[in-house]
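Reading through the structure tokens given below for one structure.
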Amino acid sequence: DIHRVWFLLEHKWFETLISKDAPYPYPQTKLSVLRFFSLWNQAAAQLMIMLKPDVYHCMDYHAAMIPLYCQPHDQVPTIIVLHNADYDGAIETDFVVPVLWRDVPALKRLSLIFNLTPEAIRKYLTFEGRFNMLWGGIACARENQGGHGICTVSGKYAAELKRERTMFKGLPTVLPLDNAIDSAAEDGPKSIAELQSLRVESKRALQEFCELDTDPDAKILIFIGRWVKQKGVDHIALLASSILQKNRDVQFVLAGPPGDPYGNYAQELLRPLMDKFKGRLFVVTRFFMIPKEARAGAHLCLMPSCSEPFGYVDVEFGLLGVPSLGCAIGGLGKMPGVYFRQQNSDSQDMLLAGFSAAVQYALDMDDSVYWEMAFECIPAQFPFSIWRSNLQAIYRTAQLHFKRGKEAEREEPLMLDGELGMNVLMEQKQRYGYGKLSDIRMVDRNKDSGVWIQHKMQRMQVGEGSEFLMQPVSEVRVKELMAFWMAENQETDAETLQSHISLGNQRINERSFATRSLMVPCRPFVRLMGNSCLRIHFFIALGYIVSPVVDERMSYISRSAESLQSHYTWGLVGTTITNLGCVFGAFVWLALSRQVPANLLMAVSLFMTERLCSLTVSAAASDLIWVLIFNFAGGFLSTSRWLFLIWNFNEDFH
């Protein structure tokens, strides 16, 4: 028997920041939202210390920081179950790594909010330069149990994370823990004929419920879920018009709340189609419950997801005899249906072409093949007994590799205030502002650590509702911009619109005049490439052009130097000097990249390369000293090109 006990944490922050429509506080750049997660993790950590469980079962990023608030002797084996690794509690707007060997203000503020030292934030909660809550749990699992105990909700998604996500590189494995779901009802159809008969009744019910034209021969394509990029809803919106025009017997049911700019884009794109295809297109942009009996009337369940950990929707419809039509990625493909593969997930055209071809193939499918496929969906099983045995095996794995006692001792304490434990519970005396800094009395930290923490928050002038980190574009503003762009040009895809919005937001928030000037479109290329080519792109391209010119010029100088031609030994010296410059440059650029912002570092290397190029043009090839200096400088600067490769191809600027 399983004995369940529920512990409920009650606080005004939990009551005011979450609701039924918004179960998670947003955005994570607000002080109130960050304190919400700080309170939750610290309070749950105190509860875990008191209960001393055998295993801590962590769900996603929301409580992944709990091990950081437990002393080494209070640590327990931990497993982290990832239901969607795309949501990792990261703050995408600000880098928190040191700049020019000094901690940035954002890092200091996060340290105070989460009651963790800056060193702890850097070591356990900074991933690829940004604050990341999920990384805290993974880092602790690496430290305490060798990285064992990380799992996700399907085997294919686990392999995908291990193969494609940098966060999971170096882990011994990402374990599969496939979700369980109830099987189909025992009184369901027992033959294809019964399924066909049931489909007629269910289709009529679905058409009446969604105000579609009553047509017994119609093929209803249905999508139910959150309207976000991950679900591929923008692809459905882009293809809906052409599918309806080409196939007169097709009807659409699209329901769900928009959850990101791609969902807003789909909403704006579908809005004018509702009148054009009235009776064939039903769209509702909110949580919408369709009765089970009516859902069985759909012909195909659309799942063109770009990423899908497990996919409950395809199982729910499949058990009703409705096959899936989607992308074979992650947890999808486990139910009978028609699927296409992502040949290039970065190419919008290839994804649309694959989805369009799959839709047309499914609609043209022979009836006998379709009904056989639909009937094969019903007996699918995902039993709880297998899920339970897999979970117990993962528990044992975490316990087996867990380091107990002094083996897991940390060198330094992680919390700022270990005795108080919960500085986030302290109330601010004033809601907005704290007056001038000169009016604040200096407090001795050793005298009262809790007062010291609040004093530091006051000195940084962080108020209750402050947005003290760089803010993303608000959801309301995104909707306004999407509507404006769609009115001007409906042919622009969601990816391009999001790029324009992100770039505009960066320009508005950028304080440096030099950086703002580099983000302006490059006029000579406007006609050729539009506004997508910025000045910064021109200078980066110039760097790629200048670098080989410098290499060729250096080679020419070496070949032309009289001393190097006549003395074999000096030729070896020149080659050695170049290689030494490469080795020295590799260490220097690596060290600098950990402290100096990447854009500044690339600008410096580009400027130095250009200066070297101009110097080599006027240099005397017969001067041996200058030749050796140029060889060393050329080798030193050649390694800086890795900066352009790494940052241009691995940094997500959107």
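Numbering of residues begins at 1 and proceeds along the displayed sequence.
With a 6.0 Å radius and a threshold of 12 heavy atoms from other residues, nucleotides or ligands, Trp371 has its CH2 atom above the threshold. Surrounding CZ of Phe384 are more than 12 heavy atoms belonging to other residues, nucleotides or ligands, all under 6.0 Å away.
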Chi angles and distances behind the side chain to side chain contact (heavy atoms under 4.5 Å, CB included) call for Glu316, Ile181: CA-CA 9 Å; Glu316 292 174 350; Ile181 192 171; 4.1 Å; yes
Show your reasoning for whether side chain to side chain contact (heavy atoms under 4.5 Å, CB included) applies to His235 and Gln348. CA-CA 9 Å; His235 298 163; Gln348 181 87 345; 3.5 Å; yes
Tell me, with the steps shown, if Asp217 and Lys203 meet salt bridge (Lys or Arg N to Asp or Glu O under 4.0 Å). CA-CA 9 Å; Asp217 297 324; Lys203 185 184 298 182; over 6 Å; no
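Under the 3.5 Å distance criterion, the side-chain polar atoms of Gln251 are left unmatched by any main-chain donor or acceptor of Lys219. Side chain of Asn247 to backbone of Asp249: no donor-acceptor contact under 3.5 angstrom is found. With Thr285 contributing its side chain and Pro257 its backbone, the two residues share no donor-acceptor pair below 3.5 Å. Put simply, the side chain of Tyr339 never gets that close to the backbone of Ser324: no donor and acceptor are under 3.5 Å apart. Remark: side-chain polar atoms of Asp60 are not paired, donor with acceptor, to backbone N or O of His62 under 3.5 angstrom. In this structure, the side chain of Asn41 engages the main chain of Met65 through a donor-acceptor pair within 3.5 Å. A donor-acceptor pair is defined here as one N or O able to donate and one able to accept, closer than 3.5 Å; such a pair exists between the side chain of Arg199 and the backbone of Gly321. Side-chain atoms of Ser356 never come within 3.5 Å of backbone atoms of Leu352 as a donor-acceptor pair (strictly under, hydrogens ignored).
Taking 4.0 Å as the cut-off between side-chain N and carboxylate O, Glu160 and Arg163 do not count as a salt-bridged pair. Using a 4.0 Å cut-off between charged side-chain N and carboxylate O, Lys334 and Asp178 make no salt bridge. Taking 4.0 Å as the cut-off between side-chain N and carboxylate O, Asp260 and Lys231 do not count as a salt-bridged pair.
Residue pairs that meet the salt bridge (Lys or Arg N to Asp or Glu O under 4.0 Å) test with at least one member in residues 279-301, sequence neighbours left out, do not exist here.
Here the side chains of Phe37 and Tyr61 are in contact, with some heavy-atom distance below 4.5 Å. Counting heavy atoms from C-beta on, the side chains of Met303 and Glu308 come closer than 4.5 Å. Inter-residue side-chain proximity for Cys377 and Val322 is flagged as unmet; no heavy-atom pair is nearer than 4.5 Å. When side chains are defined from C-beta on, Ile150 does not count as touching Leu175, because their heavy atoms never get closer than 4.5 Å. Using a 4.5 Å heavy-atom cutoff, the side chains of Phe168 and Leu82 are in contact. With contacts defined as side-chain heavy-atom distances shorter than 4.5 Å, the pair Pro323/Leu300 qualifies. You'll find the side chain of Val153 stays beyond 4.5 Å of the side chain of Leu177, heavy atoms only. The side-chain heavy atoms of Cys301 and Val313, taken from C-beta on, include a pair separated by under 4.5 Å.
Minimum heavy-atom separation, Ser154 to Gly331: OG-CA, 3.6 Å. Taking all atoms of both residues into account, the shortest heavy-atom contact from Ala298 to Phe317 is CB-CE2, 4.5 Å. Nearest approach of Leu325 to Ala362, heavy atoms of both residues: CD1-CB, 3.4 Å.
Between Phe310 and His83, the gap from one ring centroid to the other reaches at least 6.0 Å. Taking the six-membered ring wherever Trp is involved, the centroid distance between the rings of Phe288 and Phe282 falls below 6.0 Å. In summary, the aromatic rings of Phe131 and Phe114 are positioned with their centroids under 6.0 Å apart.
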